[in-house]
Amino acid sequence: MPIKIDNVGIAVRDIDATIAFFTDLGLTVVGRDTISGDWADTAVGLDGNHAKIAVLQTPDGQGRLEFFEYLHPEAIETEPTVPNEIGMHRVAFSVDDIDEALRIAARHGCHPLRGVATYEDIYKLTYLRGPSGILIMFAQELKKKN
């Protein structure tokens, strides 16, 4: 059976702020709606499911994130995920210029957890908290000079 990842779904506090953050990074909105009804209750497994949703796509067309802002049932606040916690970990983005990605993130009040690291002269890497505490990794592949 062929299988591929369609998207990663993430519940957020403020869908508009989340869209602003990720579109500034270069993703595009490919769909936006408000959902509710029996079909939504059945698909998600929540009675009275009512949410604003948006699907954003990476510039290469290969990656999609689907964001949900729950109107009902009320969203449940949790502590942000930490890197060694079991469960959904992070969303990783390959970027051409990590410094530019961090400048964009900073405009939204998002900064590295601890700084930018270099892994064996292969990658520059950093983790940061995005909207709603989403753990995000930026990775820039370092080009070797010949």
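More than 12 non-hydrogen atoms from other residues, nucleotides or ligands lie less than 6.0 angstrom from CG of D60.
Salt-bridge formation is not detected for the pair E141/K124: no Lys NZ or Arg NE/NH1/NH2 atom is positioned less than 4.0 Å from an Asp or Glu carboxylate oxygen. Using a cut-off of 4.0 Å between Lys/Arg side-chain N and Asp/Glu carboxylate O, K52 and D14 are scored as not salt-bridged.
For the pair I35 and A40, the tightest heavy-atom approach, listed with the atom from each and the gap, is CD1-CB, 4.2 Å. In this structure, A139 and L125 approach most closely via the heavy-atom pair CB-CD2, 3.4 Å. Heavy-atom minimum distance, A17 versus P131: O-CG, 4.4 Å. The two atoms that bring P59 and G26 nearest to each other are CG-O, 3.3 Å, heavy atoms only. Shortest non-hydrogen contact noted between H111 and A106 is CE1-CB, 3.5 Å.
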Practice item. Output, in order, the C-alpha distance, side-chain angles, deciding distance and verdict of side chain to side chain contact (heavy atoms under 4.5 Å, CB included) for L113 and L135. Key: CA-CA 10 Å; L113 298 182; L135 195 56; 3.8 Å; yes
Note to self: Is there a side chain to side chain contact (heavy atoms under 4.5 Å, CB included) between V91 and I10? Walk through the geometry before answering.
What the structure shows: CA-CA 10 Å; V91 177; I10 303 171; 3.9 Å; yes
Exercise for the section: Determine, stepwise, if the pair Q62 / Q57 fulfils side chain to side chain contact (heavy atoms under 4.5 Å, CB included). Expected result: CA-CA 7 Å; Q62 300 298 308; Q57 182 170 278; over 6 Å; no
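Side chain of H72 to backbone of G48: a donor-acceptor contact under 3.5 angstrom is found. T58 places a side-chain N or O within donor-acceptor distance of the main-chain N or O of G63, the cut-off being under 3.5 Å. E85 places a side-chain N or O within donor-acceptor distance of the main-chain N or O of V82, the cut-off being under 3.5 Å.
Residues Y123 and F138 have side chains not in contact (no heavy-atom distance under 4.5 Å, counting atoms from C-beta outward). Between V29 and T23, some side-chain heavy-atom pair lies under the 4.5 Å cut-off. When side chains are defined from C-beta on, P80 counts as touching R129, because their heavy atoms get closer than 4.5 Å. Annotation: side chain of V116 is not in contact with side chain of Q140 (no heavy-atom distance under 4.5 Å). Between H50 and Y70, the closest side-chain pair of non-hydrogen atoms is not below 4.5 Å. Proximity of P112 to Y127: side-chain heavy atoms (C-beta onward) are nowhere separated by under 4.5 Å. Side chains of E66 and I53 form a contact here, defined as non-hydrogen atoms less than 4.5 Å apart. Counting heavy atoms from C-beta outward, R107 and D24 have side chains that approach closer than 4.5 Å.
Residues V55 and L65 do not share a hydrophobic cluster, clusters being chains of Ile/Leu/Val/Met/Phe/Trp/Tyr side chains in contact below 4.5 Å. If you chain together hydrophobic residues whose side chains sit under 4.5 Å apart, I136 and I19 fall into the same group. Note on F21 and L102: same hydrophobic cluster, where clusters join Ile, Leu, Val, Met, Phe, Trp and Tyr whose side-chain heavy atoms are under 4.5 Å apart, directly or indirectly. Cluster membership for V30 and F68, using ILVMFWY side-chain heavy atoms within less than 4.5 angstrom, is not shared. By the criterion of side-chain heavy atoms lying less than 4.5 angstrom apart, applied directly or through intervening Ile, Leu, Val, Met, Phe, Trp or Tyr residues, F93 is grouped together with I104 in one hydrophobic cluster.
When each of T28, N7, L25, L27 is paired with L56, the side-chain contact (heavy atoms from CB on, under 4.5 Å) condition holds for L27 and for no other.
Interatomic distance, I98 CD1 to M137 CE, rounded to the nearest 0.5 Å: 8.5 Å.
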